[in-house]
Amino acid sequence: MKLRTLSGAVAGLAAVCALSWGGTARALEIKSSDVHAMGYPTTEAIAYMGDLIETWTNGRHTVKIFHSMQLGGEKEALEQVQLGALEMTRVSVGVVGPIVDDFNAFNLPYVFRSIEHMHNVVDGEIGTELLNRLEKGELIGLGYMDAGARSFYNKNRAITSPKDLEGLKIRVMQNPIFVEMMGAMGGAGLPIAFNELYTAMQTGVVDGAENNPPSYSTQKHYEVAGYYSLTEHLIVPEIFVFSKRVWDTLEPLDQQLIRKAAALAVIKERELWRAMEDKSMEELAGLGIKINKDVDKQAFIEATAPVREKFGAKYKDLIARIEKVEG
Ligand code: BDP
């Protein structure tokens, strides 16, 4: 939906809500967690969503953000949301696969041909279908956010082809797919929570990790892993979810308002993301980080074919549909 149409729809909805709530509807402080600090596109988009919700409900509902890993890693955050102890969280789809496994179709290396391809998939019927399936994992899927493409960084050397990963221990997100992906590429994958990663690299538990430029830069991972090679092997979107347990206690009109605010937050994050990615690359270059663009992508695509075959077997139809989407 276009931004203006959406805003118009929201204004109407807010008016209806104001008439029908009277003084009795419950007030909720929506606690939302994120591993990133304020200023990052995801946290800022949730803050924006919070402002909208607060305005539209005349302050009856508010959003409080627990940023910068105050509540720990993403696996734990998702568990808290499933239990209803936390209302909302924004996480990488990377850690959602173990809960609703269809999401693993998005977690396969090189399954998306480009960012545009990923956008077309998550913005289309496949994206909606998967968001709806989160309900069976006690979650309400509110929307996707951008996270660009993930590439390798380490303290030893530039990565040009899979053979450069041999002997390197690389941290991956907590999902078996990524461990196998690393194995297929020639390295060793160690699943470690994001909040433990800096120390893990500093103390040599791992030699490096993989992530998008904004995460690499804002977490200052370059201080302990100064070679960044643009392999772009994963295009994993982010997702923000609401606790189904809490959701089910909300008035339908409140639910609609939250969904509208979420849709606007998605648009906001995408804008912020574009700017942040450019800014991060400039910052990294300015810091003298060794950015390697000379990557044999085809060799990485070929090396990871067995991972797509093995894990993709379960979602053959879904993957065939993803392939057909343009972009
Ligand atoms: C970042 C994501 C964040 C993940 C992190 C990771 O924004 O949600 O927790 O990667 O690698 O890009 O764990």
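Remember, it's 1-based here, ligands and their atoms both numbered in the order they're listed.
The nearest protein atom to atom 12 (O) of ligand 1, hydrogens excluded, is given as Asn211 OD1, 2.7 Å; this is a heavy-atom distance. Ranking the protein heavy atoms by distance from atom 3 (C) of ligand 1 puts Glu74 OE2, 3.4 Å first. With respect to atom 13 (O) of ligand 1, the closest heavy atom belonging to the protein is Arg171 NH2, 2.9 Å.
Contacts with ligand 1 closer than 4.0 Å are made by heavy atoms of both the backbone and the side chain of Ser92. Within the 4.0 Å heavy-atom criterion, neither part of Glu210 lies near ligand 1. With a 4.0 Å cut-off on non-hydrogen atoms, Leu197 does not touch ligand 1 at all.
The pair Arg321-Glu129 meets the salt-bridge criterion, since a charged nitrogen lies less than 4.0 angstrom from a carboxylate oxygen. The residues Arg150 and Glu210 are annotated as salt-bridged, a charged nitrogen and a carboxylate oxygen being separated by less than 4.0 angstrom. Salt bridge absent: Glu323 and Arg113 never bring a charged side-chain N and a carboxylate O closer than 4.0 Å.
Between the side chain of Ser217 and the backbone N or O of Pro214 there is no donor-acceptor pair closer than 3.5 Å.
Interface of His36 with ligand 1, defined as ligand atoms under 4.0 Å from a residue heavy atom, comprises 1 (C), 2 (C), 3 (C), 7 (O).
Shown here for Ala184 and Val307, the closest heavy-atom pair between the two residues is CB-CG2, 3.5 Å.
Between Tyr40 and ligand 1, no pair of N/O atoms sits closer than 3.5 Å.
Phe152 has its side chain out of reach of Tyr227: every pair of non-hydrogen atoms, C-beta onward, lies at least 4.5 Å apart.
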